[in-house]
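What follows is a single structure, written as structure tokens, with notes after it.
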Amino acid sequence: MTEVRVPAGWPATPEAARAEQDRLRPLVDLVGPGPTAPRLVAGLDVAYAEDGDRLAAAVVVLDAASLTVVDAAVAVGRVAFGYVPGLFAFRELPALLDALDRLTAPPDLLVCDGHGLAHPRRFGLACHLGVLTGLPAIGVGKTPLTGTWDPPASPRGSWSDLRDGADTVGRVLRTRDGVKPVFVSVGHRMGLDNATDQVLALSPDYRLPETTRAADRMCRQALAGQVGRVSPR
DNA sequence: GCGACAG
DNA sequence: ATCTTGTCGC
């Protein structure tokens, strides 16, 4: 499999990365409301090798009605940036975009593993991916990055606002009765109500959306298949 | 100044 | 993210 290359001009310092976020942030579409009944929903996730250098990015497309896999693509490469909270997207973006390019057809919605607007500068991975692809995107995080909230009620479907300063940047959503909630936020071309509905519909049986679960499995197996291999020459 | 900090 | 055993509960 071909190795993903980091694009020329990719930010090399935190300062350059923040400048890039500031440049792209105005391009985010916060109006939405986005597709109410998307047919093709993509889940994106990345797995890292133990050395923390190699990674595999997977995009799995599900038929939203049946939640069955209809398309998928994977890309392997190397980490494109050091891990810095708030600049997380710069690590995985090249590999994720490469995988997206390999899909048969563009999906109607991207479900990202990480936050969108629920970010210190309102430009998390889901916003970044949305702007670069032009596709509707939402972020689903397992743990918070910024903001405060009250615990949502126990029943599945309950939620509370995720607020950061004067902004409502997302929603803390219970996808399973009595189970730790997930953090939903808008990425691009989506409204928060719609994003919440989509995440609930994608999570009928487990805490995380089926899209995320499918992508997680795929990138892990792809990484396992890379063990011991040397970068192609 | 001191913590907290997506994956 | 990843390293990791057992354990409680449906």
Side-chain angles (χ1 to χ4, degrees), chain A residues 4 6 11 14 17-18 20-21 24-25 28 43-60 74-97 99 110-131 137-149 154-156 162-165 167 169-173 175-188 195 199 204-209 211-224 226-227:
Chain A
V4 175
V6 176
R18 289 189 198 97
E20 179 70 349
Q21 292 182 326
L24 297 175
R25 187 175 51 235
V28 174
L44 303 87
D45 193 20
V46 170
Y48 296 86
E50 293 181 34
D51 58 31
D53 187 29
R54 298 187 54 74
L55 57 73
V59 180
V60 179
V74 61
V76 295
R78 292 181 181 285
V79 173
F81 201 88
Y83 175 65
V84 180
L87 301 178
F88 162 64
F90 292 92
R91 284 172 77 73
E92 319 187 329
L93 231 30
L96 287 171
L97 291 171
L110 303 181
V111 178
C112 308
D113 192 32
H115 299 104
L117 282 184
H119 174 280
R121 288 175 297 284
R122 308 292 181 264
F123 197 72
L125 173 65
C127 298
H128 208 145
L129 264 170
V131 168
I138 62 180
V140 180
K142 296 181 287 293
T143 62
L145 170 61
T146 191
T148 60
W149 69 94
S154 184
R156 159 183 155 83
L162 174 59
R163 283 168 303 196
D164 193 20
D167 305 327
V169 298
R171 209 161 263 181
V172 184
L173 176 68
T175 51
R176 293 277 287 165
D177 291 358
V179 171
K180 179 167 42 156
V182 297
F183 299 77
V184 179
S185 61
V186 166
H188 185 55
V199 172
D205 299 321
Y206 296 92
R207 175 184 177 232
L208 297 179
T211 37
T212 299
R213 288 164 45 76
D216 180 77
R217 288 193 296 268
M218 177 155 286
C219 59
R220 289 199 194 205
Q221 69 164 34
L223 200 58
Q226 288 295 124
V227 172

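Each chain gets a letter, A, B and so on, in the order its sequence line appears, and its residues count up from 1.
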Q.
Distance check needed: dA1(C) P versus Leu87(A) CG, whole Å only.
A. 18 Å
**Q.** Sugar-phosphate, base or nothing in reach of Pro120(A), heavy atoms under 4.0 Å
**A.** nothing
Q | Nearest-angstrom distance from the residue atom CZ of Phe183(A) to P of dA6(B) | A | 11 Å
Q: Send over the distance from Asp51(A) CG to dG7(B) P, rounded to a whole Å.
A: 20 Å
Q) When the distance from CZ of Arg171(A) to P of dA6(B) is rounded to whole Å, what number comes out? A) 23 Å
Q: For Leu55(A), answer base if it contacts any base atom (sugar-phosphate contacts may also be present), sugar-phosphate if it contacts only those atoms, and nothing otherwise; contact means non-hydrogen atoms under 4.0 Å.
A: nothing
(Q) Whether Thr143(A) contacts dG7(B) is assessed here as follows: a side-chain N or O lying under 4.0 Å from the phosphate OP1 or OP2. Is that the case? (A) yes
Q) What is the distance, rounded to the nearest whole Å, between atom NE2 of His128(A) and atom P of dA6(B)? A) 18 Å
**Q.** Tyr83(A) aromatic ring stacked with six-membered ring of dG7(B), 5.5 Å and 30°
**A.** yes
Q. Which nucleotide in the list dC5(B), dC3(C), dG7(B) gets nearest to the side chain of Glu50(A)?
A. dC3(C)
Q: Assess Arg171(A) against Phe183(A): is NZ or CZ under 6.0 Å from the centre of the six-membered ring, and within 45 degrees of the ring's axis?
A: no
Q.
Distance check, rounded to the nearest 0.5 Å: Glu92(A) atom CD versus Leu129(A) atom CG?
A. 9.0 Å
Q.
Can you see if the side chain of Arg91(A) gets near the phosphate of dA6(B) - specifically, an N or O under 4.0 Å from OP1 or OP2?
A. no
(Q) Nearest to the side chain of Asp113(A), heavy atoms from C-beta on, is which of dC3(C), dA6(B), dG7(B)? (A) dG7(B)
Q: Rounded to the nearest angstrom, tell me the gap between atom CG in Asp216(A) and atom P in dA1(C).
A: 8 Å
Q: Assign Ala49(A) to base, sugar-phosphate, or nothing according to its heavy-atom contacts below 4.0 angstrom with the strands shown.
A: nothing
Q. Do Thr212(A) and Asp113(A) have side-chain atoms, one donor and one acceptor, less than 3.5 Å apart?
A. no
Q) Checking salt bridge (Lys or Arg N to Asp or Glu O under 4.0 Å) for the pair Asp167(A)/Arg122(A): CA distance, chi angles, key distance, verdict? A) CA-CA 10 Å; Asp167(A) 305 327; Arg122(A) 308 292 181 264; 3.1 Å; yes
Q) Which atoms form the tightest heavy-atom contact between Ala17(A) and Leu87(A), and what is the distance? A) CB-CD2, 3.9 Å
Q.
The side chain of Pro85(A) is closest to which nucleotide in this list: dC3(C), dA6(B), dA1(C)?
A. dA6(B)
Q: Please state how far atom OH in Tyr48(A) lies from atom P in dA6(B), giving the value in whole angstrom units.
A: 12 Å
Q: Find the distance Arg121(A):CZ to dA6(B):P and express it as a whole number of Å.
A: 13 Å
Q. Which is true for Gly86(A) with a 4.0 Å heavy-atom rule: it touches a base, it touches only sugar-phosphate, or it touches nothing?
A. base
Q | Selected nucleotide, minimal atom distance to Ala47(A) side chain, candidates dT2(C), dA6(B), dG7(B) | A | dT2(C)
Q. dG7(B), dA1(C), dA6(B): which one has an atom nearest the side-chain heavy atoms of Asp45(A)?
A. dG7(B)
Q) Between Gln21(A) (side chain) and Gly86(A) (backbone), is there a donor-acceptor pair under 3.5 Å? A) yes
Q) Is Leu44(A) touching bases, backbone alone, or none of the nucleic acid, heavy atoms closer than 4.0 Å? A) nothing
Q. Between dG7(B), dT2(C), dA6(B), which nucleotide has the shortest distance from any of its atoms to the side chain of Lys142(A)?
A. dG7(B)
